[in-house]
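Scroll down for the structure; my scribbles are underneath it.
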Amino acid sequence: SEPSLWADRDELRTSFTLAMSAMYKAEVPLYGDLVRIVSDINKSTLGNALDPKVLSMRYGDARSTRLDIERHGAIRLGTARELRTIRRVFAVIGLYPVGYYDLSAAGLPMHATCFRPTSAESLRRNPFRVFTSVLRPELLRDARARDLALDLLSRRAIFSAELLRLLDVSDTQSGRLTPEQGRRFVAEAMKTFGWHDTAAASHDDYQRLAAEHPILADIACFQSCHINHLTPRTLDINAAQERMVADGLAVKDRIEGPPPRACPILLRQTSFLAIEEPVKFPATTGLPGLPLVTGSHRARFGEIEERGAAVTPAGRRLYDELLDEAMGVAAEHAPGQLKPEQFDQLVEETFEKYPDDWDELRRRDLVYCTFRCTGRSIQAMTRQDLDGRPCRLETLIRDGVVEAFPVTYEDFLPLSAAGIFQSNLGSGSKTKGVDVAAAPDVDGMEEALGVEIHDSDDLYRRVRSESIAHCAAQLGIEIL
Ligand code: OOG
Ligand code: NI
């Protein structure tokens, strides 16, 4: 085949990830410490003489090169227009919207999606993803704060003219860029996600919005949608949390997500709290130029995560039920009475009802798996029994002809995300100005995006069925 004129999307994503990582390390030196801690812990976890089969069941593809580069970040956008353009920016590097996260129930006037690769091959090459939330102004009860935020947002331009030009160029090239255009694209995109220490709003306006809801000040008062964290993936989050505490980092008081398990599922996350950074505010909004007022802002924080298996809708229902149950029991205590360790203990006890054995999780269809032929051939007896009829997958697994591996969870958890948000917005962050009973608005988000949001279950199911089809072809049988 002809050598391609176009830059490979996955490689472009890797250049983008590396540029983002270098920028964030320069802007937030604590991030460098975090990456070092996680990489030490991952090395020793992988080095501990565990059975290789146990390793790949627990950590999936983690031993491939993907682990070294694996990060997720988060941004907060203000308007539908910004979201539309971000969608175009991310498409160039192979990231597409997957899943809808309603954050209003947690007191945030926002909803979110995750931009991530959708194919197994792209995920293997670089699973970089961005949790992208957008303001829902209609959830703000205070009309003056809402109008102020919308006015500030209507004035700002978070994309450079050159970045917008390159997006148009890519549209005329079927969504592709040449390697040279790709280099310029990555450099221009960094301006959108970088930190600008001069605010776009006056200190008064900033304080007005912060008093209504701290998230509003962060979303509406700056010139960029600064990346607010980059999260490396750790193979042992409890060990990493201990190290963060020992190193004197201001860590969140508990790890979000499921309790520690022999068979990890979904996602466990913790963070160190946002750092306070100096900011220069123009004396009057819209009138940049001297004099400037100095103040400060907390926006950027550190986060780490441990990823386990993706769960099926049944597995997710059980997870949500048990978490609800634990929270129900916790709610019987007076506020603040239950210490974080006691809550963790309660969650652990409740989750004893969640099977913790890979075979059982698979047989009860609680986790997604992919399947591989082991090289062992089908027993003569089984083949005879089959007599041309389809063979049950479980029979092939029992006979050691096919092996099952849990699929890594590639998405986020709304409650965990809310916990991370809240811990970084400072204690007592307000929910009173937000309509917490609002309905989710998937249609509104899709309209803003200009494309449909992928359903993560469809993507996991596709990976599973492709692997079954592959085994069937290799064995020359039909698999049920
Ligand atoms: C996003 C918080 C959510 C996660 O990993 O769930 C998040 C934010 O604070 O903007 O990053
Ligand atoms: Ni995060």
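Just follow the structure's listing: the first ligand is 1, and inside any ligand the first atom is 1.
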* N/O/S atom of E305 inside 2.8 Å of the Ni ion (ligand 2), strictly under -> no
Please list, one pair per line, the donor and acceptor atoms closer than 3.5 Å that link side chains of residues 216-229 to other protein atoms, with sequence neighbours excluded.
unit_1: D218; atom_1: OD1; unit_2: H226; atom_2: NE2; d: 2.8
unit_1: D218; atom_1: OD1; unit_2: H297; atom_2: NE2; d: 2.7
unit_1: D218; atom_1: OD2; unit_2: R76; atom_2: NH1; d: 2.8
unit_1: Q223; atom_1: NE2; unit_2: T198; atom_2: O; d: 2.7
unit_1: S224; atom_1: OG; unit_2: G194; atom_2: O; d: 2.7
unit_1: S224; atom_1: OG; unit_2: H226; atom_2: N; d: 3.4
unit_1: H229; atom_1: NE2; unit_2: H72; atom_2: NE2; d: 3.2
unit_1: H229; atom_1: NE2; unit_2: E303; atom_2: OE1; d: 2.9

Which atom name would you report as the N, O or S atom of [X] nearest the Ni ion (ligand 2)?
| X | answer |
| --- | --- |
| H229 | NE2 |
| H72 | NE2 |
| E303 | OE1 |

* Presence of salt bridge, D151 and R155, under 4.0 angstrom -> yes
* **Side-chain ion pair, R146 and D142, N-O less than 4.0 Å** => no
* To do: Heavy-atom cut-off of under 4.0 Å around ligand 1: list whichever protein residues fall inside it, by chain and number.
  => H72, A74, R76, F131, N228, H229, Q269, F301, E303, F412, A417, F421
* To do: Would you verify whether the NZ or CZ of R129 falls within 45 degrees of the ring axis of F16 while also being under 6.0 Å from that six-membered ring's centre?
  => no
* **L177 CG to L167 CG distance, which is reported to the nearest 0.5 Å** => 8.0 Å
* To do: Please indicate whether E277 has more than 12 foreign heavy atoms, meaning atoms of other residues, nucleotides or ligands, lying under 6.0 Å from its CD.
  => yes
* To do: Only counting residues at least two apart or in another chain, list the ones meeting side-chain hydrogen bond (donor to acceptor under 3.5 Å, both in side chains) with R243.
  => none
* Structure fact -> Hits for side-chain hydrogen bond (donor to acceptor under 3.5 Å, both in side chains) against K191, two or more places apart or cross-chain, chain-then-number order -> E188
